[in-house]
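What follows is a short report on a single structure.
It should be emphasised that the depicted structure is a prediction, and the values quoted were computed from it without experimental measurement. Order of the sequence lines fixes the chain letters, A, B, ..., with proteins taken first and strands second; residue numbering starts at 1 for each chain.
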Amino acid sequence: MVKVTLKDNSIREVEENSTIGELAAQISRNLAKDAIAAKVNGEVKDLAFKLKEDASVEILTLEDSQSLDVLRHSTAHLMAQAVQNLYPGTKLGIGPSIENGFYYDFDSEHVFTPDDLIAIESEMKKIVKENYPYQRKEVSRSEAIEFFGGLGEKYKVELIEDLPEGVTISMYTQGNFTDLCVGPHVPSTGSLKVFKLLNVAGAYWRGSEKNKMLQRIYGTAFSKQADLDEYLFKLEEAKRRDHRKLGLELDLFSLHEEGPGFPFFHPKGMVLRNQLEDFWRQEHRRRGYHEIKTPIILNRVLWEQSGHWAHYKENMYFTEIDDQDFAVKPMNCPGGMIMYKTKLRSYRDLPLRAGELGLVHRHELSGALHGLLRVRNFTQDDAHIFMLPSQIKDEIIGVIELVDRFYKIFGFEYHVELSTRPEDSMGSDEAWELATNALQEALEEKGLEYKINPGDGAFYGPKIDFHLRDCLGRTWQCGTIQLDFQMPEKFDLTYIGEDGQKHRPVMIHRVIYGSIERFIALLTEHYAGAFPTWLAPVQVRILPISERHHDYAKDVLNRLNELDIRAEMDERREKINYKIREAQTEKIPFALVVGDQEAETDTVAVRRYGQGNSGEKMSVKDFISLVEDEIKSKKRIN
RNA sequence: GCUGGUGUGGCGCAGUGGUAGCGCAAUUGAUUCGUAAUCAAUAGGCCAGGGGUUCAAAUCCCCUCACCAGCUCCA
């Protein structure tokens, strides 16, 4: 007998080699019916898993969020079965569950169209009705290769060949379909009721552009229809906050065929930019940063010296001036190097923090462009910190804290990644290790959780990346801190030490917003276009009831404008309802209705964006202090 | 860059071989109005661009460009 500790800490004895399914049946008939999988000593297993020794077991039903992964993974198999039924000869790639669903990669002569998804779904439903059990079988490497080789599943064979020595190789079979898979799976296809195929896309085999592109079908699955409906509704909602849509509606920016990836900022978008930049300057001045500006076009010689010519040429734009080669800057650092070298520096000058709102141009692949989130020219809120080796940790921590301060003000949740040495890079292994360790130590000291992103560093150094999510949950790198021992070497940067000798400084490249354009896109989606007062392009709109209130309205307008409150007045001969509606659609934080009552008492009727009240009356003076408080405190409404 | 899809007035859409349409926005006139849409009239499109098939092309074919989703790449 083996002892099983259940979720409620009760202990049950079952015969050795009993399956989880049998255990569930012993506990209750309902549990046996609803069970999908189980967590055995913390690992998710299927119901056919045999209990060989004492263990803690938590039986999972469709109600458990942890069974969702199993459900989705099984649905991926179901979809693959349906695809192979309908399109014989289709070869299988991989088919995992992912954050909001699953996908499967196929290599097929047939080109899948959105219409095919409907047919595949029907076939899936048919298989569900037939209720095939998912049967696990453990096999040797040679058996597995023989089996999948016999089916012509060359991608599966490749996967098996690359499996490390000594791992258990398992296959799962449901009906006429068998897949290489570690599992676990639901008991049978009949457990899969709620799913939907979403879209088709290309994806390189094993994620490398050197390999063949397979066809990937994305889908999702839930335990309840209501959950799927809610998910689909949320997707629709998310599209409503898409910055490309809101950017157009709110007249913030535009993109044109004449300049793909080169955004045009409209007056209202410029207000946002300028607010972000003003705030940035203020915060940086307080932290001992100086601001500089370096040229956009610089001589080829400089880019050869910096290593960009050798490592970054693919992404750069070039031009010729007086028969000499020049490049448009893709990064601000070489300019910063030249600036550093304009003077002899003492150790007493370090750390030297030089900030630059620098416009950079990068040739991004056409297919990668995406609204303001991925463009070909953007402004980095850059800074280069030149320092003594002994100052590294404190400076990194200072930047981490600054990023945190900024993102908290906007109400952003973020996650952190540590990107290590890429293949195409320069410098010694020792320098890279030193730099990577320094970043890691700073992260540990701040107690930040982070994920390691191997090979994703800059060509001159490793980096800490700060990622934010867009409306659809895709993450975008914004802030980054890069530690660099290479550039100071390449440019022969020095400082005079206490000993009167020349020494090599270390430097940090860092951005907080990342790119102003990208940050504005994420802010727009984050606030769904309803910017907090301090950022709102128009903070207040005054709505006179009729023409005879224009004088008073204008008086209020002047008083607001004199205090640098961004206010305007709706002078059109429209009904008040109409004016209110427009102020709301434009997501203006405050609409002030003024009529006879207000004009007589020097008050305004304040209607806040999104609050359908009839407007609180307050004196102009009180309203001004309300707005000024919100601006000063950068108050967030949502 | 790759795979698939899309491209029709400013925006959202209809129009599958026979004279380009709707709603919103815009403009003009009237309406002077108390918390989310006043009424009427007018104007606006070489149907992304180029080439081809046809008596005839928004519609069929080819090429190019842009956009969307994903892959790759990245702030």
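A:Tyr155 pairs with exactly one of A:Trp205, A:Tyr104, A:Phe106 by the ring-ring contact (aromatic ring centres under 6.0 Å, His included) rule, that one being A:Trp205. Of the listed residues (A:Glu237, A:Glu236, A:Glu230), just one forms a salt bridge (charged side-chain N to carboxylate O under 4.0 Å, His left out) with A:Lys234, and that residue is A:Glu230. A ring-ring contact (aromatic ring centres under 6.0 Å, His included) with A:Phe412 is found for one member of A:Phe406, A:Trp476, A:Tyr513, A:Phe519 and no other, namely A:Phe519.
Atom-to-atom, NZ of A:Lys617 to C1' of B:rG34 comes out at 8 Å; the value is rounded to the nearest Å. Atom-to-atom, CZ of A:Phe253 to P of B:rC11 comes out at 14 Å; the value is rounded to the nearest Å. One can place CD of A:Glu257 at 13 Å from C1' of B:rU6, the figure rounded to the nearest angstrom.
Counting any heavy atom pair closer than 4.0 Å across all strands shown, A:Arg474 reaches sugar-phosphate atoms only and no base atom. Among the protein residues, A:Glu586 comes within range of no part of the nucleic acid, since none of its heavy atoms lies under 4.0 Å from any strand. Heavy atoms of A:Leu365 sit under 4.0 angstrom from at least one base atom. Backbone-only engagement by A:Asp456 is indicated by non-hydrogen atom pairs under 4.0 Å involving sugar-phosphate atoms exclusively. Across all strands shown, A:Val360 has no heavy atoms under 4.0 Å from either base or sugar-phosphate atoms. A:Lys463 comes within 4.0 angstrom of the backbone, heavy atoms only, and of no base. Among the atoms of the strands shown, only primed sugar atoms or phosphate atoms (P, OP1, OP2) are found under 4.0 Å from some heavy atom of A:Gly207. Here A:Glu574 lies in heavy-atom contact (under 4.0 Å) with a base. Across all strands shown, A:Phe519 has no heavy atoms under 4.0 Å from either base or sugar-phosphate atoms. When heavy atoms are screened at a 4.0 angstrom cut-off, A:Leu369 is found touching the sugar-phosphate backbone but no base atom. Within the 4.0 angstrom heavy-atom criterion, base atoms lie near A:Ala605.
Residues A:Lys329 and A:Thr294 bring a donor and an acceptor atom of their side chains to less than 3.5 Å of each other. A:Asn100 and A:Thr220 share no side-chain donor-acceptor pair at under 3.5 Å. Using modelled atom types and a 3.5 Å distance limit, the side chains of A:His467 and A:Gln477 yield no donor-acceptor pair.
The same atom, C1', is picked in B:rA14 and in B:rG21; the two are 7 Å apart, to the nearest Å. Separation of the C1' atoms belonging to B:rG7 and B:rG45 is 14 Å when rounded to the nearest angstrom. Rounded to a whole angstrom, the distance from the P atom of B:rA37 to that of B:rG51 is 50 Å. Nucleotides B:rC61 and B:rU16 have their P atoms positioned 15 Å apart, rounded to a whole Å. Taking the P atoms as reference points, B:rC71 lies 46 Å from B:rU38, given to the whole Å. To the nearest whole angstrom, the two P atoms, one in B:rU31 and one in B:rU35, are 22 Å apart. Comparing the same atom, P, in B:rG44 and in B:rG10 gives a spacing of 12 Å after rounding to whole Å. The separation of B:rA20 from B:rC33, taken at their P atoms, amounts to 47 Å, rounded to a whole angstrom.
Of the side-chain N and O atoms in A:Arg216, none sit less than 4.0 angstrom from OP1 or OP2 of B:rA69. At the phosphate of B:rC2, neither OP1 nor OP2 sits under 4.0 Å from any side-chain N or O atom of A:Lys212. Side-chain N/O atoms of A:Arg244 include one lying less than 4.0 angstrom from OP1 or OP2 on B:rC68. OP1 or OP2 of B:rA36 sits under 4.0 Å from a side-chain N or O of A:Arg607. The side chain of A:His370 places an N or O atom within less than 4.0 Å of a non-bridging phosphate oxygen (OP1 or OP2) of B:rA69. For B:rC33, the OP1/OP2 oxygens have a side-chain nitrogen or oxygen of A:Arg548 closer than 4.0 Å. Considering only side-chain N and O atoms, A:Arg573 lies nowhere under 4.0 angstrom from the phosphate OP1 or OP2 of B:rA30. For B:rG1, the OP1/OP2 oxygens have a side-chain nitrogen or oxygen of A:Ser366 closer than 4.0 Å.
Distances were taken from every side-chain heavy atom of A:Tyr578 (C-beta onward) to each of B:rG34, B:rC33, B:rA37; the shortest belongs to B:rA37. Looking at the side chain of A:Glu364, the nearest of the listed nucleotides B:rA75, B:rA66, B:rU35 is B:rA75. With B:rC2, B:rA75, B:rU35 as the choices, the nucleotide that has an atom nearest any side-chain atom of A:Arg362 turns out to be B:rA75.
No side-chain donor-acceptor contact under 3.5 Å links A:Asp107 to the backbone of A:Gly93.
Ring pair A:Tyr407/A:Tyr414 is perpendicular by interplanar angle, where above 60° counts as perpendicular and below 30° as parallel. Ring planes of A:Phe459 and A:Tyr312: tilted class, angle from 30 to 60°.
Look at B:rC33: it lacks any Watson-Crick or wobble partner with both distances under 3.5 angstrom. The base-pairing partner of B:rG70, taking Watson-Crick or G-U wobble contacts with both distances under 3.5 Å, is B:rC2. With a cut-off of 3.5 Å on both Watson-Crick or G-U wobble distances, the partner of B:rA57 is given as none. The pairing partner recorded for B:rC22 is B:rG12, the criterion being a Watson-Crick or G-U wobble arrangement whose two distances lie under 3.5 angstrom. Shown here, B:rU28 forms a base pair with B:rA40; the pair counts as Watson-Crick or G-U wobble because both key distances fall under 3.5 Å.
Ring to ring, A:Phe253 and A:His266 are not that close: their centroids are 6.0 angstrom or more apart.
RNA chain B is contacted by both A:Gln584 and A:Gly455; A:Gln584 maps to the nucleotide lying nearer its 5′ end (nearest heavy atom per residue). The residue among A:Arg572 and A:Arg374 whose nearest nucleotide of RNA chain B is located toward the 5' end is A:Arg572.
Near-neighbour residues of RNA chain B inside residues 409-417 of chain A, defined by a heavy atom below 4.0 Å, are absent.
Figure legend: cation-pi geometry between A:Arg72 and A:Phe102 absent, as NZ or CZ is not positioned both under 6.0 Å from the six-membered ring centre and within 45° of its axis.
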